[in-house]
2 protein chains.
Amino acid sequence: MLIGILGLGTIATAVVEGIAQDGHQITVSERSAANAARLAAEHGVTVAPNQAVVDASDVLIVALTDDIYEAALGGLTFREGQQVISLMGGPSIAAVQALVSPAHVVAKVLPFPSIAQGGSQVMACGEMALVTELLGARNSIFQIGSEEELHHWICAQAVLSPAVLMVREAAAWLAEQGAEPVESERFLRELVGSSLLASPCDATLRALDTPGGYNQRLRQHMVETGMTSRLMAGLVKLQQG
Amino acid sequence: MLIGILGLGTIATAVVEGIAQDGHQITVSERSAANAARLAAEHGVTVAPNQAVVDASDVLIVALTDDIYEAALGGLTFREGQQVISLMGGPSIAAVQALVSPAHVVAKVLPFPSIAQGGSQVMACGEMALVTELLGARNSIFQIGSEEELHHWICAQAVLSPAVLMVREAAAWLAEQGAEPVESERFLRELVGSSLLASPCDATLRALDTPGGYNQRLRQHMVETGMTSRLMAGLVKLQQG
């Protein structure tokens with residue numbers, strides 16, 4: 001496919017790295033010079049001004065920041081038949097559509113940086129055919145029914161950060177007791193990571209529910225001192241903006 | 001190898017399932033009738049009284065419960081040249097050694113139930129050669145320098161349970177907002193699990209530290225409301241017994 005990238009921050013760069021091996025002709029905007037130069041050197045993408053990116057492409061992936069997307073897209077001329085994927089969490093599909101007509105916005109897609117290597121989760125809302133064709137072979141695409149629901153998913157995914165922090169802190173504690181720090185963290189990352197991937201949470205929690213056992217005691221301690229109720233409150237706060 | 005299993009609870013059963021395909025001749029004790037019958041039917045192990053298990057084996061895996069291991073081992077006759085692996089977290093290697101002489105206790109090994117499928121983390125303390133030969137091909141063995149240090153690792157691994165609980169609760173919240181429950185949990189399990197396996201915690205947390213972003217905000221909220229300090233307090237409580 002002829003693919004153009006408008007806006008080249010961390011996530012858009014990761015998307016380009018994730019699809020660079022698939023035989024597309026990719027043109028990226030010259031604004032983010034460092035990312036563009038690296039993608040050109042490592043993956044042979046073409047670097048061009050924004051209008052030239054649009055002119056060279058059948059598919060446009062738009063990942064402009066909230067403060068400039070209106071001015072940037074408003075100053076460009078799109079053509080009939082072009083398909084647009086928005087990687088922007090802020091503006092609605094309708095808001096982007098109003099700026100890129102007569103091109104057609106097919107979907108809003110929110111990947112994670114690990115899409116560069118593949119195996120990433122991808123939240124997607126809209127028409128799925130192009131999204132699946134571009135990203136589906138090496139990633140898990142989660143189709144979300146509406147932009148309103150997508151906002152809930154964006155709130156919920158933020159649990160990643162406190163969950164990883166918890167693992168890091170337990171590993172740091174173990175290292176403080178004298179264990180080798182890198183091995184301590186690798187042990188806990190592998191343990192929690194592989195357990196999450198292997199089974200539904202309820203099955204894992206049941207297997208870890210030996211009365212008086214270490215897992216049961218630490219879980220009860222965290223629940224009694226408010227971890228789960230504070231997580232709920234934190235998610236509601238995110239949802240309310 | 002000729003392998004005997006004394007005590008056949010969840011973990012010992014999982015260990016047998018994990019090594020059943022490796023061409024050993026395995027004899028298990030008849031006390032846990034249901035587990036023994038299943039292993040006999042599915043994996044062709046022999047079921048026998050405890051002394052017959054000992055007599056038939058060069059390697060003995062001992063996984064008796066805290067309340068019976070002294071009486072059970074004390075009533076059995078071991079022979080010179082037998083190697084013993086203790087799966088028991090409670091008694092020390094020395095305590096088990098005193099009960100099984102002239103057999104030799106090579107290591108104390110604490111696996112997780114996922115050892116049945118392989119890809120499990122295994123905490124091990126003592127001589128590693130036999131442990132690696134038996135369990136190393138399909139699992140990650142973490143060699144721990146002393147039994148005292150092993151106790152710290154057992155405390156730290158309990159973070160698994162609150163970490164999984166956190167993912168479950170965020171998924172439940174997302175489902176309450178109207179998302180499909182199974183997909184919600186699969187998304188968060190895959191996201192947190194694959195992120196933990198892919199990179200050190202610090203790298204992941206840095207990538208999730210966009211100022212004002214959802215991940216940064218939820219993490220700060222959890223830290224400010226005490227998650228990490230309570231985790232530390234909980235680990236210290238486990239350590240002190």
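Sequence lines set the chain letters: A, B, ... in the order given, protein chains first and strands last, and positions in each chain run from 1.
Under a 3.5 Å cut-off, the side chain of B:Arg168 and the backbone N or O of A:Asp202 do not form any donor-acceptor pair. Between the side chain of B:His152 and the backbone N or O of A:Glu176, no donor-acceptor pair lies under 3.5 Å.
Contact of the B:Gln157 side chain with the A:Leu174 side chain is not registered, since no non-hydrogen atoms from C-beta on lie closer than 4.5 Å. Using a 4.5 Å heavy-atom cutoff, the side chains of A:Leu196 and B:Leu191 are not in contact.
Contacts between A:Ser194 and chain B at a heavy-atom distance below 4.5 Å involve backbone atoms as well as side-chain atoms. The parts of B:Thr225 that come within reach of chain A are both its backbone and its side chain, each placing non-hydrogen atoms under 4.5 angstrom from that chain. Heavy atoms closer than 4.5 Å to chain B are found in the side chain of A:Glu185, but not in its backbone. The parts of B:Met227 that come within reach of chain A are both its backbone and its side chain, each placing non-hydrogen atoms under 4.5 angstrom from that chain. When heavy atoms are compared at a cutoff of 4.5 Å, B:Leu197 approaches chain A by way of both its backbone and its side chain. If you measure heavy-atom distances from B:Gln117 to chain A, you find no contacts under 4.5 Å at all. When heavy atoms are compared at a cutoff of 4.5 Å, A:Leu231 approaches chain B by way of both its backbone and its side chain.
Each of A:Leu208, A:Val236, A:Val223 has some count of heavy-atom pairs under 4.5 Å with chain B, and the biggest count is that of A:Leu208. Contact count versus chain A (heavy atoms, under 4.5 Å) is highest, among B:Gly193, B:Ser161, B:Pro162, B:Ala179, for B:Ser161. The greatest number of non-hydrogen atom pairs below 4.5 Å with chain A, out of B:Ala172, B:Ala171, B:Ser199, is found for B:Ser199. With respect to chain A, the highest number of heavy-atom pairs below 4.5 Å among B:Thr204, B:Ile154, B:Ile144 belongs to B:Ile154.
A side chain to side chain donor-acceptor pair (under 3.5 Å) with A:Gln177 is found for exactly one of B:Glu148, B:Gln239, B:Glu149, B:His151, namely B:Gln239.
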List the steps and the verdict of side chain to side chain donor-acceptor pair (under 3.5 Å) for B:Thr228 and A:Glu169. CA-CA 7 Å; B:Thr228 45; A:Glu169 295 299 296; 5.3 Å; no

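Here CG of A:Asn139 is found 10.5 Å from CD of B:Glu190. Values are rounded to the nearest 0.5 Å.
Taking the six-membered ring for Trp and thresholds of 30 and 60 degrees, A:Phe187 and B:Phe112 have ring planes inclined between 30 and 60 degrees apart.
Counting heavy atoms of neighbouring residues, nucleotides and ligands inside a 6.0 Å radius, atom CD of A:Gln220 exceeds 12 of them.
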